[in-house]
Structure formats: structure tokens, C-alpha cells
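Note that the structure is predicted; figures quoted are calculated from it, not measured. In what follows, chains are A, B, ... by sequence order, proteins preceding strands, each numbered from 1.
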2 protein chains.
Amino acid sequence: MARPPQKRRLETRARLLAEAARLVDAQGYAGLRVEDVVEAAGVAKGTLFSHFSDKDGLLAVLIGAEVMRLIDEMENAAPPADLPQLMERLVPLLDFVASDRVIFDLLLRYSGSTGAERDEIVTQGFYRQIDLWAGWIVSMQAAGTVRGDHPPALLAEGIQAFLNQVIAIRFCQGGQPTGTPAEALYPFLAAWLIT
Amino acid sequence: MARPPQKRRLETRARLLAEAARLVDAQGYAGLRVEDVVEAAGVAKGTLFSHFSDKDGLLAVLIGAEVMRLIDEMENAAPPADLPQLMERLVPLLDFVASDRVIFDLLLRYSGSTGAERDEIVTQGFYRQIDLWAGWIVSMQAAGTVRGDHPPALLAEGIQAFLNQVIAIRFCQGGQPTGTPAEALYPFLAAWLIT
DNA sequence: CTGCAAAAGTGACCTTGGTCAATTTAAATA
DNA sequence: TATTTAAATTGACCAAGGTCACTTTTGCAG
């Protein structure tokens, strides 16, 4: 019989997440050290790894929460009527993922992972995203602003693909990126969604 | 004045690469340990890191060489006349990248990186690939088997995007993947390249 | 209240990638 | 050939993530 977690455990987990978030806020994802997190939370190192599978597992919860927030935002906004409006809706998510290499790498690694019991928050976000976009596409297809000759799910996954492509290229280009991620994304989506 | 590398250095580098390749062949990329490579090559650990920026740098050379070989193959084959033939040409590369998570992660991390002096073999491969595909697209556009309403370079980058998408999803799905990577790729390319 | 079993937490220890001052080896020069 | 200078290599050492046998705490049953 699996008992529910005790109050102390929930508090410890919350403290770990809160301190990790604080440290990330102060010094970015790349500079986050497990040692610092456990010290700030006042627990031993082993405790962190009993709460999260590994360092990435901790980051996945932090980043996944932010992604969920952004998807909520998208869901609450009015569905886009055409491509320019679609772009507007995507910008916050695009900017977040493009803001830090660590975020991008982690999302790519976890997206869609069969997280069975694990921190499946990233996986959930991934599917919510696709579903949401597919819904948007249905209505835009009905309005005739998006091509209707392919299933919405396929088109939605394509959006995901181009989003990743644009950000990957951005990170790889090293130096100062030219223009916003959104500007780079637009021509791809135009070619993908409009016949 | 930068002098050319001495013979001994070239031999050491070759030995490191050869032993690394052998170990990868025996136990896969994921299980490769720096300690094992230097022991097999009969050098100290520091030597490896004077030849390669880090472990990824070593892997990049190994993987980059293989990618170059695959691109050579593509270049030597006849240019595809239509989508099914394009798919055929892509299969070897697709299978290679899909064969190991480490390969995919590394290529994604390095692709297009401004490798200044560094192991730019992966970067070169990346651009060769896009150029080659763009060339194919030009002729297919001329033949009317591929949409002509967008620049070949954009369409070529899109192929890259879908290739990555398909493989990412494949890895993320964990368990036994359904069908070949090529089967997953086809609908995306059909929608992308044909109006 | 007491004893006990499971949950939670601990910290010494391990692994592995990566560094760098010191040493050895090769080649250029006198 | 002896000397010198730079290239090449060394291996002790460090950093940081991750493990696990053991201790402490908690909640429940008697």
C-alpha cells in the first residue's frame, strides 16, 4: 500500500523548488549547482535526489511550470484568426524557450518522453500545446486562412518542428542573433500553413 | 609563428580517434568513457583534452566523419526527381541520426555552431547538407514535382526541421517506436514540398 | 503511552569529466 | 654536437553530479 506523502516531505520539496527558482532567477539556469540548492534549502544532497530523479528532473519541474503558465496564457487568449495573429500568440513561448539554451535542450530532451511515474509535467505541456494549436488550426481552416488539405494535428506538429528549428539555429549561430526569433519563424509558418 | 603539428602529435590524435571509434563500436556512444579511451591509446588524460576541447569535441569528430560519409553518398547518387526518390536519398542519414540518442543530441548542439577554430566538421556537414538539398529542390522545382512558390533554401531548411522533429519524437516516445523514421517523415515532407 | 514499521533525510563516498604547473621530447640554431 | 626554445605530454588534483547504507522522524496499532 502506497501511503500519501507526509507533510514534511511536501514542505521539503516546496523549499527545494523555491530555492532553486530563486537561484535560477539570480544566476540563470546554466549556473545552478545542486550543492547550492541543498544548502539554501537546508537539506542534505541525498534528499534532493530522493525528490527528483536527477538535476534535469528538478529543472524539468521548474521549466515545465513556466511552460504551463505560458500555455494557460495562450488558452485564455482569443484563438487566432489568421497567421499574423497566430504568430502573436506564439511569441511569449518562443521568447521563453529562446531565452536560455538550457531550457531549449531540456524541453527537447523531455518533450513527449514516456515519463510514466516521472516528472511528466513537460510531457503534458507538450501534448497540451499540440492539442491547443490543432484546435486553432481547425477554426482557421474553417475560416479559410489556413490550408485545409492536411490534418490539423500534422500542421500543429509542424509548427513545433519549425519552432525548434528556428531556436536551434539561433543558438548555434553563437554571436549576436539577427532579429527576433519570431521574424525567423514567420517565413516557415507562412510556407507551412498557407497554400 | 604557428608551426605545423609534429608527426608525434598527429599519431597520438589518430590513435585516440581510432581507439575511441573501436570502443564506440563495441559499447555504443553512451557508454564511452574518457578514461577508457586514454588507457587504450596509451596516453594521459590531459593529452586527450589537448587534442579535443572536451568529450563532445571528440565525439563530434567521430560523428562528423560519419555524417560526411553519408553526405558524400547522397552527393554521388543521382539527384531525386520526386518526393519518393528524395525520401530514399534521406534514409541512410535519417537512420544514422535516429540510431543513437547521443548522435542526435550532439548534432543538434553543434549544428551551425560558429566553430571558429574548433572542430567545425559538424558545422560544415550541416551546411553541405542544406546546400545539397537546396540544389535538389531547384531541379525538382524545375521538373514541377516540388512547389515553386518558396526559395529552395527555405524548403531545404524545412526538411532539416522535420527530420529533427521526427527523430526527437521517436526518442521521446521511449519504448518501441512504431514504424521506421522514414514512414514518420513522409507525411511532413509531402505537406511541406507539394502544394 | 509504548513499540514498531515505513517514510524521510543524512553525509561520506564514488564516478567522471576536466584543469594546469611541471616534465619530457622534438626540432631549430649556434 | 651542445644549447635553447617551443611543442607535446603527464598525472595529481579539482568540481560537481549522483549513490546508498545508515540514522532520525513520523504515524499507526496495541
Side-chain angles (χ1 to χ4, degrees), chain A residues 1-20 23-24 26-63 101-102 105-106 109-110 117-119, chain B residues 1-21 23-24 26-63 101-102 105-106 109-110 115 117-119:
Chain A
M1 283 290 287
R3 297 192 196 166
Q6 298 175 8
K7 194 187 308 176
R8 180 170 54 140
R9 186 159 181 82
L10 296 177
E11 286 164 358
T12 301
R13 181 188 161 97
R15 223 162 53 240
L16 283 168
L17 284 171
E19 293 301 327
L23 287 168
V24 163
Q27 45 185 121
Y29 285 95
L32 189 71
R33 296 187 317 126
V34 167
E35 198 80 42
D36 292 342
V37 176
V38 296
E39 191 191 328
V43 298
K45 208 188 255 187
T47 300
L48 187 146
F49 291 101
S50 87
H51 280 266
F52 306 98
S53 53
D54 50 20
K55 190 186 170 186
D56 269 10
L58 170 64
L59 288 180
V61 174
L62 290 177
I63 293 172
R101 225 217 147 82
V102 176
D105 285 350
L106 188 135
R109 180 155 40 248
Y110 273 66
E117 75 235 291
R118 286 182 36 142
D119 0 57
Chain B
M1 283 290 287
R3 295 190 195 167
Q6 298 175 9
K7 195 185 310 175
R8 181 170 52 139
R9 186 160 182 80
L10 295 177
E11 287 165 358
T12 301
R13 181 187 161 97
R15 222 163 52 241
L16 283 167
L17 283 171
E19 292 302 327
L23 287 167
V24 163
Q27 43 184 113
Y29 286 94
L32 190 71
R33 295 187 316 127
V34 168
E35 198 81 41
D36 293 341
V37 176
V38 296
E39 191 191 329
V43 298
K45 206 188 259 188
T47 300
L48 188 145
F49 290 102
S50 88
H51 281 266
F52 306 99
S53 52
D54 50 20
K55 190 186 169 186
D56 269 10
L58 169 65
L59 288 180
V61 174
L62 289 177
I63 292 172
R101 222 213 150 85
V102 176
D105 284 350
L106 188 134
R109 182 155 38 249
Y110 273 66
E117 75 233 292
R118 284 180 39 139
D119 0 58

How many whole angstroms separate atom [atom1] of [X] from atom [atom2] of [N]?
| X | N | atom1 | atom2 | value |
| --- | --- | --- | --- | --- |
| E39(A) | dA16(D) | CD | P | 13 Å |
| R3(A) | dG27(D) | CZ | C1' | 7 Å |
| F49(A) | dA21(D) | CZ | C1' | 18 Å |
| F52(A) | dT19(D) | CZ | C1' | 18 Å |
| L10(A) | dT26(D) | CG | C1' | 14 Å |
| D36(A) | dA16(D) | CG | P | 8 Å |
| D56(A) | dA16(D) | CG | P | 16 Å |
| E11(A) | dA7(C) | CD | P | 18 Å |

Shortest non-hydrogen contact from [X] toward [Y]:
| X | Y | result |
| --- | --- | --- |
| V38(A) | K45(A) | CG1-CA, 3.8 Å |
| L32(B) | A20(B) | CD1-O, 4.0 Å |
| L106(A) | D56(A) | CD1-O, 3.5 Å |

Give me, pair by pair, the N or O atoms of the protein and of nucleotides 9-16 of chain C that are less than 3.5 Å apart, along with how far apart they are.
unit_1, atom_1, unit_2, atom_2, d
dG9(C), OP1, T12(A), OG1, 2.3
dG9(C), OP2, R9(A), NH1, 3.2
dG9(C), OP2, H51(A), NE2, 3.1
dT10(C), OP2, A44(A), N, 2.8
dT10(C), OP2, T47(A), OG1, 2.9
dG11(C), O6, G46(A), N, 3.3
dT16(C), OP2, R33(B), NH1, 2.6

Would you check if the side chain of T12(B) reaches a backbone N or O of R8(B) as a donor-acceptor pair within less than 3.5 Å?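 Side chain of T12(B) to backbone of R8(B): a pair is present.
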Can any side-chain N or O of K55(B) pair as donor or acceptor with the backbone N or O of R33(B) at less than 3.5 Å?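 Checked: no pair found.
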Give the intermediate values and the outcome of side chain to side chain contact (heavy atoms under 4.5 Å, CB included) for residues R13(B) and V61(B). CA-CA 11 Å; R13(B) 181 187 161 97; V61(B) 174; 4.1 Å; yes
Contact class for L32(A) vs. all strands (heavy atom < 4.0 Å): base, sugar-phosphate, or nothing?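 Sugar-phosphate contact only - L32(A) comes under 4.0 Å of backbone atoms but never of a base.
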Using the side-chain heavy atoms of Q6(A), tell me which of these nucleotides is nearest: dG18(C), dA8(C), dA26(C).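 Selected nucleotide: dA8(C).
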